[in-house]
Amino acid sequence: MNHPYIPSKQGLYDPVNEHDACGVGFVAHIKGNKSHSIVQQGLQILEHLTHRGATGADPLAGDGAGILIQIPDAFLRQVTADLNISLPEVNHYAVGMVFLPQNEKKRLECEQILSQCLIDAGQKVLGWRLVPTDNTGLGESVKVVEPIIKQIFIAQGENCPDQNTFERKLFVARKRSEHQVLALGIDRKEFYVPSLSSKTIIYKGMLLADQVGTYYLDLKNPAMVSALALVHQRFSTNTFPTWDLAHPFRMIAHNGEINTLTGRYGICFTGRGFKEYLAIN
């Protein structure tokens, strides 16, 4: 007996291909050529992935959406030149997207801790940039918890013989900063690092699928280029939407639910079974 809402096999359609999805999309140039059109196509995919359930009582409050792209070197050189920040050659510097507290005192503490952890890891902090955003389309419930979003620029230290070592140093510095900030009583809902890498950068938030490209003004710049774009819209079935839980995560965007078993330290995935979530995040 056929399911009342699923047609029988016909043409190119086969019901065996039916599966669950929260809305994951990926576009890439097969030869690795970077362009602004790849970023635009990623955002277009995201808009068409609008999830029927990914909103609350406030129709302008999304459960989370975002895009992961390669480091847009030309764009970053444009915006950092205005800040008197001189970037090293590509692959020898990193950029971090950082969600910071609205409270100025807490924000400065978080910035100082992250900067010092990077310095302690042998890296050179070049400076900070306030990421331009437009929150006019966000719901009021989202604006209340909207973080201050900044980018931090880091030059590869002399203790990094290659890019992979650089990435590991960044990972350790980020983890140390998270623990130190947490010790101050500031949790990840206020301080969170969506990405910190010399390879990729993530623009995400507690947004609807069609809000990512309008909220982050950077994404409209023609110099924002990439050879790939990974996009995701989240539908939080058993957790509350927050800025930090929006996808993509630093290395993945997964199709499945995160079920907390034992608080912060026990997480398992249903569906796809990513058991290394904590190691990645």
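Just so you know, these numbers come straight off a predicted model, no measurement behind them. Residue numbers run from 1 in the order of the sequence given.
Checking side-chain atoms of His36 against main-chain N and O of Val225 turns up no donor-acceptor pair under 3.5 Å. No side-chain donor-acceptor contact under 3.5 Å links Gln112 to the backbone of Gln116. For Lys34 (side chain) and Pro72 (main-chain N/O), no donor-acceptor pair under 3.5 Å exists by modelled atom type. Put simply, the side chain of Glu47 never gets that close to the backbone of Asp210: no donor and acceptor are under 3.5 Å apart. Checking side-chain atoms of Gln41 against main-chain N and O of Val27 turns up no donor-acceptor pair under 3.5 Å. Judged purely by atom type and a 3.5 angstrom limit, Gln70 uses its side chain to pair as donor or acceptor with the backbone of Ala227. Under a 3.5 Å cut-off, the side chain of Gln44 and the backbone N or O of Gly42 do not form any donor-acceptor pair. Within the 3.5 Å criterion, the main-chain N or O of Leu76 finds a donor-acceptor partner in the side chain of Thr80. Gln233 places no side-chain N or O within donor-acceptor distance of the main-chain N or O of His48, the cut-off being under 3.5 Å. A donor-acceptor pair is defined here as one N or O able to donate and one able to accept, closer than 3.5 Å; such a pair exists between the side chain of Ser195 and the backbone of Ile202.
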| said: What verdict does the side chain to side chain contact (heavy atoms under 4.5 Å, CB included) test give for Glu111 and Leu108, after you've listed the backbone C-alpha separation in whole Å, the side-chain angles of each residue and the deciding distance to 0.1 Å? | reply: CA-CA 5 Å; Glu111 290 180 14; Leu108 291 175; 4.2 Å; yes

| task | Decide yes or no on side chain to side chain contact (heavy atoms under 4.5 Å, CB included) for Leu114 and Val98, but give the supporting numbers first. | result | CA-CA 10 Å; Leu114 179 56; Val98 189; 3.9 Å; yes

| task | Might you work through the side chain to side chain contact (heavy atoms under 4.5 Å, CB included) test for Phe191 and Glu178, ending with a clear yes or no? | result | CA-CA 8 Å; Phe191 172 74; Glu178 290 171 348; 4.3 Å; yes

| request: Go through the steps for Leu230 and Ile69 under the test side chain to side chain contact (heavy atoms under 4.5 Å, CB included), then give the verdict. | output: CA-CA 7 Å; Leu230 175 66; Ile69 60 174; over 6 Å; no

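With hydrogens and angles left out, the side-chain atoms of Arg174 and Ser177 include no donor and acceptor closer than 3.5 Å. Side chain to side chain, Asp218 and Tyr203 meet the donor-acceptor criterion of an N or O pair below 3.5 Å. A donor and an acceptor atom, one from each side chain of Asn135 and Thr133, are nowhere located under 3.5 Å apart. Under 3.5 Å, the side chains of Ser198 and Gln163 contain a donor-acceptor pair of N or O atoms.
Chaining together hydrophobic side chains whose heavy atoms lie under 4.5 Å apart leaves Ile30 on its own.
Expressed to the nearest 0.5 Å, how far CD1 of Ile45 lies from CZ of Phe26 amounts to 9.5 Å. Separating the CG atom in Asp244 from the CG atom in Asp187 is a distance of 8.0 Å, to the nearest 0.5 Å. Put simply, OG on Ser35 and CE on Met224 are 13.0 Å apart, with the number rounded to the nearest 0.5 Å. Atoms SG and NZ, from Cys160 and Lys169 in turn, are 6.0 Å apart once rounded to the nearest 0.5 Å. Note that the CD1 atom of Ile38 and the CG atom of Asn33 stand 9.0 Å from one another [nearest 0.5 Å]. A distance of 10.5 Å separates CG of Asp120 from OG of Ser115, quoted to the nearest 0.5 Å.
Between Cys110 and Leu100, the closest side-chain pair of non-hydrogen atoms falls below 4.5 Å. Between Thr214 and Asp134, every side-chain heavy-atom pair lies at or beyond the 4.5 Å cut-off. Two residues are said to be in side-chain contact when any heavy atoms from C-beta on lie closer than 4.5 Å; Ile154 and Lys124 fail this criterion. A heavy-atom distance below 4.5 Å is found between the side chains of Pro101 and Ile186. Two residues are said to be in side-chain contact when any heavy atoms from C-beta on lie closer than 4.5 Å; Arg168 and Asn164 meet this criterion. Between Thr200 and Ile71, the closest side-chain pair of non-hydrogen atoms is not below 4.5 Å. Put simply, the side chain of Leu184 reaches to within 4.5 Å of the side chain of Ile113, judged on heavy atoms. The shortest distance between side-chain heavy atoms of Leu118 and Leu170 falls below 4.5 Å.
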Which pairs would a plain distance check flag for residues 81-94, meaning a side-chain donor or acceptor within less than 3.5 Å of a matching protein atom at least two apart in sequence or in another chain?
residue : atom : partner : partner atom : Å
Tyr93   : OH   : Asp73   : OD1          : 2.6

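Taking 4.0 Å as the cut-off between side-chain N and carboxylate O, Glu167 and Lys199 do not count as a salt-bridged pair. Here Lys143 does not pair with Glu146 in a salt bridge; the nearest charged N to carboxylate O distance is not below 4.0 Å.
Relative ring orientation between Phe99 and Trp243 is described as perpendicular, the plane-to-plane angle rising above 60° on a 0-90° scale split at 30° and 60°.
Linking Ile, Leu, Val, Met, Phe, Trp and Tyr whenever their side-chain heavy atoms come within less than 4.5 Å puts Ile149 and Val142 in one cluster. A chain of hydrophobic side-chain contacts below 4.5 Å, direct or via other Ile, Leu, Val, Met, Phe, Trp or Tyr residues, connects Ile201 to Leu46. Connection of Leu219 to Met206 is established within a shared hydrophobic cluster, with ILVMFWY side chains joined at heavy-atom distances below 4.5 Å, either directly or through further cluster members. Taking hydrophobic clusters as Ile, Leu, Val, Met, Phe, Trp and Tyr residues chained together by side-chain heavy-atom distances below 4.5 Å, Val79 shares a cluster with Val39. Two different hydrophobic clusters hold Val193 and Ile67 under the rule that ILVMFWY side chains link at heavy-atom gaps under 4.5 Å.
Summarising the geometry of Ala223 relative to Gln78, their closest heavy-atom pair is CB-NE2, 3.6 Å, with the distance given to 0.1 Å. A pairwise comparison of heavy atoms in Tyr216 and Met97 identifies CE2-CE, 4.1 Å as the closest pair. Considering every non-hydrogen atom in both Arg129 and Phe153, the closest pair reads CB-CE1, 3.8 Å. In this structure, Gly213 and Lys220 approach most closely via the heavy-atom pair O-CE, 3.4 Å. Nearest heavy atom pair, residue Asn159 against residue Gln123, reads OD1-NE2, 3.0 Å.
Of the candidates Lys105, Lys106, Arg107, Glu109 forms a side-chain hydrogen bond (donor to acceptor under 3.5 Å, both in side chains) with just one, namely Lys105.
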